[in-house]
Student: 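The structure's right below; bear with me while I get my questions together.
Given the structure is predicted, the values throughout are model-derived calculations rather than measurements.
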Amino acid sequence: MQAVLLAAGLGTRLRPITNSQPKCMVPINGQPLLDIWLKQLTHSASISDIFVNTHYFSDVVAAFLNDKWAAFPQVKNWYEPELLGTAGTLKHNASQLLSEDVVVIHADNLSAFDLDAFIQAHQQRPDGCEMTMMVFETDTPSSCGIVELQGNTVVAMHEKVANPPGKLANGAVYIMSQQMLHWIVENEANDISTQVIPAMLGKIQAWTNHMYHRDIGTPESYAIAQLEYKAKRYITRAPFIEQSTSDSNKLRP
């Protein structure tokens with residue numbers, strides 16, 4: 001599969017931290033968040049090309065990719081002079097997304113999970129499902145998009161409501177079929193949350209991340225993520241790749 005890391009956003013909820021840096025580059029105990037995602041993706045033999053869309057502080061992200069990831073030609077930059085939207089990016093670059101299903105990741109989350117198991121679940125999805133959505137149990141359900149399931153199928157979304165009907169939230173990590181990508185292009189969709197997901201209810205498989213996932217969209221959540229990462233409060237079976245002190249390009253669990 002190919003993968004798309006959505007990293008172009010302005011990070012307005014994370015201000016003032018993002019006043020001087022892009023959200024995808026905020027450090028998690030000294031390691032850029034984007035670096036953590038790229039190491040997880042390149043750790044999997046199932047992933048070929050990795051596209052990173054950039055806009056806000058795009059020069060900072062480009063310099064990081066050219067420096068740290070220059071030895072990995074499969075990592076490529078999609079620069080957007082104007083923000084295209086989470087689905088708009090896929091629509092605009094559809095010609096580069098080949099005849100394979102695509103992993104689509106909002107790169108403003110800190111997550112540890114078994115990527116290969118996620119991919120396998122998507123490959124074994126029920127007939128009629130065009131997307132697999134990672135879900136996780138959140139400790140702040142009113143600030144998340146809470147999913148309503150029938151079995152493992154998403155049948156309703158409750159987006160940041162005062163009294164959500166549960167704690168299982170959309171992790172904003174997806175695998176989309178080629179049919180889904182064609183739908184985005186044909187319907188000129190620009191946003192995954194407000195356009196794609198509502199139209200596809202009943203055709204989305206949920207896959208639960210039981211290891212670790214946190215949206216670091218606010219300073220408070222970001223501070224918690226720093227503590228949790230330092231304390232390694234996640235199940236270490238996941239290929240959650242840390243910075244190697246001996247070799248910056250060496251991957252290790």
Side-chain angles (χ1 to χ4, degrees), residues 2-28 32-38 41 49-69 74-98 102-111 131 133-134 143-145 157 159-160 169-176 180-200 204 213-219 221-222 225:
Q2 296 172 299
V4 176
L5 279 164
L6 299 170
L10 305 179
T12 53
R13 291 186 300 140
L14 197 53
R15 292 175 178 168
I17 296 169
T18 50
N19 284 343
S20 58
Q21 61 186 325
K23 188 175 180 180
C24 66
M25 291 295 291
V26 297
I28 305 296
L33 177 61
L34 183 59
D35 202 40
I36 294 172
W37 274 115
L38 287 170
L41 290 170
D49 295 327
I50 302 169
F51 302 101
V52 182
N53 82 319
T54 61
H55 171 76
Y56 186 61
F57 282 102
S58 60
D59 55 335
V60 174
V61 183
F64 168 75
L65 294 176
N66 291 335
D67 178 25
K68 179 67 182 292
W69 290 91
Q74 70 267 39
V75 178
K76 303 169 184 179
N77 183 358
W78 281 346
Y79 170 62
E80 299 177 5
E82 296 183 3
L83 284 172
L84 298 173
T86 54
T89 292
L90 304 176
K91 177 180 62 178
H92 181 75
N93 296 287
S95 63
Q96 296 185 58
L97 300 173
L98 307 177
V102 180
V103 183
V104 180
I105 298 167
H106 285 242
D108 52 3
N109 297 303
L110 180 62
S111 190
M131 178 166 71
M133 171 193 293
M134 178 188 292
S143 67
C144 299
M157 289 290 304
E159 191 68 38
K160 298 178 182 178
N170 177 9
V173 179
Y174 314 101
I175 304 178
M176 297 185 179
M180 172 71 76
L181 295 173
H182 289 314
W183 184 93
I184 289 172
V185 172
E186 291 167 2
N187 290 273
E188 298 185 350
N190 294 314
D191 189 88
I192 294 173
S193 295
T194 63
Q195 293 176 290
V196 177
I197 291 175
M200 291 294 157
I204 302 170
H213 190 90
R214 179 171 289 280
D215 175 1
I216 62 167
T218 65
S221 185
Y222 176 59

Student: In Å and rounded to the nearest 0.5 Å, what is the CD1 to CD1 distance from Ile175 to Ile105?
Tutor: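 Ile175 atom CD1 to Ile105 atom CD1 measures 9.0 Å (nearest 0.5 Å).
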Student: Enter the distance from Glu82:CD to His55:NE2 here, rounded to the nearest 0.5 Å.
Tutor: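 Atom-to-atom, Glu82:CD and His55:NE2 are 8.0 Å apart.
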Student: Checking side-chain polar atoms at under 3.5 Å, does Trp37 have a donor or acceptor matched by the opposite partner on Asn109?
Tutor: no
Student: Please lay out, stage by stage, how Trp78 and Leu5 fare under the test side-chain contact (heavy atoms from CB on, under 4.5 Å).
Tutor: CA-CA 10 Å; Trp78 281 346; Leu5 279 164; over 6 Å; no
Student: Do Leu65 and Leu34 make a side-chain contact, defined as non-hydrogen atoms from C-beta onward lying under 4.5 Å apart?
Tutor: yes
Student: Do Leu33 and Cys24 touch side chain to side chain, with heavy atoms closer than 4.5 Å?
Tutor: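 They are not in side-chain contact.
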Student: Is any side-chain heavy atom of Gln21 closer than 4.5 Å to a side-chain heavy atom of Val26?
Tutor: yes
Student: Distance check, rounded to the nearest 0.5 Å: Asp108 atom CG versus Tyr222 atom OH?
Tutor: 13.0 Å
Student: Donor-acceptor pair, distance only, cut-off 3.5 Å: does the side chain of Thr89 make one with the backbone of Gly85?
Tutor: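 At least one qualifying donor-acceptor pair exists.
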Student: When rounded to the nearest 0.5 angstrom, what distance separates CG in Asn77 from OG1 in Thr54?
Tutor: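 Separation between the atoms: 3.5 Å.
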Student: For the residue pair Val104 and Met131, establish whether any side-chain heavy-atom pair is separated by less than 4.5 Å.
Tutor: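 With C-beta onward as the side chain, the pair stays apart.
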Student: Distance check, rounded to the nearest 0.5 Å: Phe51 atom CZ versus Leu6 atom CG?
Tutor: 12.5 Å
Student: Pairing donors with acceptors under 3.5 angstrom, does anything connect the side chains of Glu80 and Asn53?
Tutor: yes
Student: Find out whether Val173 and His213 are in side-chain contact, i.e. whether some heavy atom of one side chain is under 4.5 Å from a heavy atom of the other.
Tutor: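 Yes; the side chains approach each other to less than 4.5 Å.
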Student: Is the backbone of Ala189 close enough, under 3.5 Å, to the side chain of Gln195 for a donor and an acceptor to pair up by distance?
Tutor: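 Not a single qualifying donor-acceptor pair exists.
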Student: Kindly assign one of parallel, tilted or perpendicular to the pair Tyr174 and His106, based on the angle between their ring planes and the thresholds 30° and 60°.
Tutor: perpendicular
Student: Looking at every non-hydrogen atom in both residues, tell me the closest pair between Arg15 and Pro219 and how far apart they are.
Tutor: O-CG, 3.8 Å
Student: Any side-chain heavy atom of Leu181 within less than 4.5 Å of one from Val102?
Tutor: yes
Student: Report yes if some heavy atom in the side chain of Met176 is under 4.5 Å from a heavy atom in the side chain of Ile192; otherwise report no.
Tutor: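 Yes, side chains in contact.
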Student: Checking side-chain contact (heavy atoms from CB on, under 4.5 Å) for the pair Ser221/Arg214: CA distance, chi angles, key distance, verdict?
Tutor: CA-CA 8 Å; Ser221 185; Arg214 179 171 289 280; 3.4 Å; yes
Student: I'd like to know if the side chain of Asn66 and the backbone of Ala62 have a donor-acceptor N/O pair within less than 3.5 Å.
Tutor: yes
Student: Kindly indicate, with the supporting measurements, whether the criterion side-chain contact (heavy atoms from CB on, under 4.5 Å) is fulfilled by Asn170 and Met157.
Tutor: CA-CA 9 Å; Asn170 177 9; Met157 289 290 304; 3.9 Å; yes
Student: Look up atom CE in Met25 and atom OH in Tyr56, then write down how far apart they are to the nearest 0.5 Å.
Tutor: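 The OH atom of Tyr56 is 13.5 Å from CE of Met25, to the nearest 0.5 Å.
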Student: Compare all side-chain heavy atoms of Lys76 with those of Ile50 and state whether any distance is below 4.5 angstrom.
Tutor: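 No - every pair of side-chain heavy atoms lies 4.5 Å or more apart.
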Student: side-chain contact (heavy atoms from CB on, under 4.5 Å) between Gln2 and Val103: does it pass, once the steps are laid out?
Tutor: CA-CA 6 Å; Gln2 296 172 299; Val103 183; over 6 Å; no
Student: When you measure from the side chain of Asp191 to the backbone of Thr194, do you find a donor-acceptor pair of N or O atoms at a distance under 3.5 Å?
Tutor: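 Checked: pair present.
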